[in-house]
Every structure is written in structure tokens, then in C-alpha cells.
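Accompanying notes for the structure given below.
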Amino acid sequence: MKVLVTGGAGYIGSHTVKELLKKGHEIIIFDNFSSGRKELVCGGEVIHGDLRSKEEIKAAFENHKIEAVLHFAALIQVGESYTNPQKYYLHNLITSLNLLETMLKFGIKYFIFSSSAAVYGIPQRIPLEEDHPLNPINPYGTTKFMVERILQDYDRAYGLKYVSLRYFNAAGADPDGQIGEMHDPETHLIPSILLHLLGKKDNFQVFGNDFPTPDGTAIRDYIHVTDLARAHVLALERLTAENQSQAINLGSSRGYSVLEVVKAVEKVTGKKVNLKFGPRRQGDVPVLLASSQKAESWLGWQREFSELEEIIETAWKWHQKH
Ligand code: UFG
């Protein structure tokens, strides 16, 4: 298929482009390179465009016979979304509306949306199943929730078919070493520890050791970015075959505490992490864990990188080189 990938020069977007190309899809990357990186473009045609401009989106659709859209482009910092919500509603919500409006004008009806575990808010039950109530607790999660709701209405009213993929904690890097994580600033756990070990980040802090978990640190569900990328390819194939909209968790169903991640990093790298304990980060929940049953049954998704050490190994290789 000919697919438009917004944010295709970003972390998860670039890994997905790589998997789509392997399957023979034709790719048009639409990215404003605010956080996307030229080094992460691994093929396809690149349009330097901004989703805040309906004109720029329209031009992309006029010039290419696009059949489906994968929408990754978004801001991702939960903390920043508290202090500057307007920026998040503009960049994550309005941009999505602009994109959907243009898709509808051009009669394109397949949409894969990068959603987040943040749509659930504080879990009432663990593992989280897709029918768990959605109650986001930060503006970032709210923007993802709002787009999911809009998609439901657009399906009902306009026949737009979508898959909302709710990512848990994406980590790791392309096993070939071609692409990897390059956030600036880097706030995610695994790359933060690795960058600290490489002397590229001043200090590493564990945010909170008073959570109601066995070792007091927060538990998350880490998923290799290549497994995540492959789930997008499956989602596109299933969506076009079944013509049925869905929301699907992408996680591993296994949780690791921050201290367990630190231990795994020490094992992989052979280095000692000099950690400090700090206060909880605003909006962090004690445990986030996905049920992946629906991803396995509906997408036929099987993870290749099921061990945390494998995720860390690929990230470590990448960060040592870059
Ligand atoms: N953490 C630390 N020290 C750090 C960085 C993180 O202790 O330097 C902790 C966090 O407090 C959290 C865990 O490590 O408990 C994981 O943190 P990340 O920042 O790597 O990931 P989050 O779980 O906070 O965020 C992820 C996605 C977000 C998404 C969120 C909720 O990156 O986009 O899950 O679903 F919104």
C-alpha cells in the first residue's frame, strides 16, 4: 500500500517505516523535524511538513495517491504537558483533526493512531484490558483519549476505519543498529540510565521509592520498539482486511520495577549504576501493565524480544555508537 507516515523520522515512526518497507509498502514520511531526525529516516519519500498547516497536509495528499495514514507525530513529554497544556492540545489534538479532515476530503479511510497507556489513567485493575475505563490524569494522555473518541465518532459518521494502538513503555533499538532512540531531552528510563553510564547525562535519579510495590519503585511494561513497529504492520493488514475499528494495547504483560531495570542494565553493560533516589514524578502511577491478549488474538502479534535484557542490549549497542 501507499501510506503516509506522520512522524516517520521519530523513534517509533522510524522503526515502523523500516518494517513497512520490508513488507513492500510504499512510504511517504511527513515530518516537521522538530524532534524527528534525518539520521532516522530509513527510506521512503520525505515531506518536510507541519500538521498545523492544512495547506501542507493537503499538498501531500494531492501529490500522492495515499491509501492509509499512520499517525505518530506528537509531543510526548507528560511533565511538559502539565506545565504547557496549550502546546499539547495544539500539537497533538488540533494537528490530528487537521489530518483527519484532509483524509476525509480525499476519501482515505484507513488510519493507524499512536495512542498510549496514558489514556487509562490510574488503573483500577491490572493487567489493563482495552475495556478498562479511560480516565487520563495528564494533558498528554487527555489528547490521546480525545483523538480516540473523535475516531469513534468519525467511524460512525464517516466510515473512517482505525486502529488505536495504546503503547506501553517502548524501549530498545533496531537490532541491525541502523536506528534507535534519539530524544532531546531524553526523559525515558532505559536511555536515561544508559546515557548516564556513558557520561552523557549528569545524574540518574529514581523517581520515588515509596510506591505500593514490592521494592517501592514504579513498575512498567517495557516493549521492544521493533516488536511495536511490527504490530503496526499487522494492524494495517488486519484493518484493511477486516474493515473494523479497534483499540489495542501493545505491551508485554510483564512488569519490571525501576530497580529491576537498573539491575538488568548493570548485568547487560557490566557497569555499576550510581543511582540517587528522588521524589516521585508528578503523574506517575505505581503500576502499568498491559494485557496483550487482544494484540495476540486480533493482530496475531507475537513478540520476538521478550526479555528485558534483549531490549537493553539493543539500546546499549545503539547508544554506544551515537
Ligand atoms: N524513571 C526514573 N528515573 C528517570 C526516568 C524514569 O525513575 O530518570 C521512572 C519513572 O518515574 C517511571 C519509569 O521510570 O516510573 C518509566 O518512566 P519513563 O519516563 O521511561 O516512562 P513512563 O512510564 O513515564 O512513560 C511512558 C511513555 C509516555 C506515556 C506513559 C504512560 O513514555 O509517553 O508511559 O503511559 F505517556
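Just follow the structure's listing: the first ligand is 1, and inside any ligand the first atom is 1.
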Please indicate whether Tyr158 has more than 12 foreign heavy atoms, meaning atoms of other residues, nucleotides or ligands, lying under 6.0 Å from its OH. no
Taking atom NZ of Lys271 as the centre, report whether more than 12 heavy atoms of other residues, nucleotides or ligands fall under 6.0 Å from it. no
Need the ligand 1 atom indices (1-based, order shown) with element for anything under 4.0 Å from a heavy-atom of [X].
{"X": "Asp284", "result": "10 (C), 11 (O), 12 (C), 15 (O), 24 (O)"}
{"X": "Ala117", "result": "35 (O)"}
{"X": "Phe204", "result": "3 (N), 4 (C), 8 (O)"}
{"X": "Tyr140", "result": "29 (C), 33 (O), 36 (F)"}
{"X": "Val206", "result": "7 (O)"}
{"X": "Tyr222", "result": "13 (C), 16 (C)"}
{"X": "Leu288", "result": "31 (C), 35 (O)"}
{"X": "Ala218", "result": "15 (O)"}

Record the part of [X] in heavy-atom contact with ligand 1 below 4.0 Å; permitted values are side chain, backbone, both and neither.
{"X": "Phe168", "result": "neither"}
{"X": "Asn169", "result": "side chain"}
{"X": "Val78", "result": "side chain"}
{"X": "Ser116", "result": "side chain"}

Flag Leu189 as yes when one of its N or O atoms lies below 3.5 Å from any N or O atom of ligand 1, and as no otherwise. yes
Do Phe207 and ligand 1 have an N or O pair less than 3.5 Å apart? yes
Before we go on, tell me: are the rings of Phe113 and Tyr162 under 6.0 Å apart, centre to centre? no
Answer yes if the ring centres of Phe30 and His48 are under 6.0 angstrom apart, and no otherwise. no
Distance alone, cut at 3.5 Å: any donor-acceptor contact between the side chains of [X] and [Y]?
{"X": "Thr6", "Y": "His71", "value": "yes"}
{"X": "Tyr88", "Y": "Glu80", "value": "yes"}
{"X": "Ser257", "Y": "Thr213", "value": "no"}
{"X": "His224", "Y": "Glu310", "value": "no"}

With respect to atom 23 (O) of ligand 1, which of Arg220, Arg280, Gln282 exhibits the smallest heavy-atom separation? Arg220
Top protein contact for [atom], by heavy-atom distance:
{"atom": "atom 5 (C) of ligand 1", "value": "Thr187 O, 3.3 Å"}
{"atom": "atom 9 (C) of ligand 1", "value": "Val258 CG2, 3.8 Å"}
{"atom": "atom 3 (N) of ligand 1", "value": "Gln205 O, 2.7 Å"}
{"atom": "atom 27 (C) of ligand 1", "value": "His188 NE2, 4.2 Å"}
{"atom": "atom 24 (O) of ligand 1", "value": "Arg281 NH2, 2.7 Å"}
{"atom": "atom 35 (O) of ligand 1", "value": "Ala118 N, 3.1 Å"}

Taking the cut-offs as 6.0 angstrom to the six-membered ring centre and 45 degrees off its axis, would you call Arg220 and Phe168 a cation-pi pair? no
Given side chains that start at C-beta, do those of Lys105 and Leu100 come closer than 4.5 Å, heavy atoms only? no
In the hydrophobic clustering (ILVMFWY, side-chain contacts below 4.5 Å, transitive), which residues join Trp318, or is it alone? Leu40, Ile179, Met182
Co-members of Ile193 in a cluster of I, L, V, M, F, W and Y side chains, linked at under 4.5 Å: Leu189, Ile190, Leu194, Leu197, Leu198, Phe204, Val206, Tyr222, Tyr256, Val258, Leu259, Val261, Val262, Val265, Val268, Val273, Leu275, Phe277, Leu308, Ile311, Ile312, Trp316
Would you confirm whether Lys161, through its side chain, and Thr240, through its main-chain N or O, come within 3.5 Å as a donor-acceptor pair? no
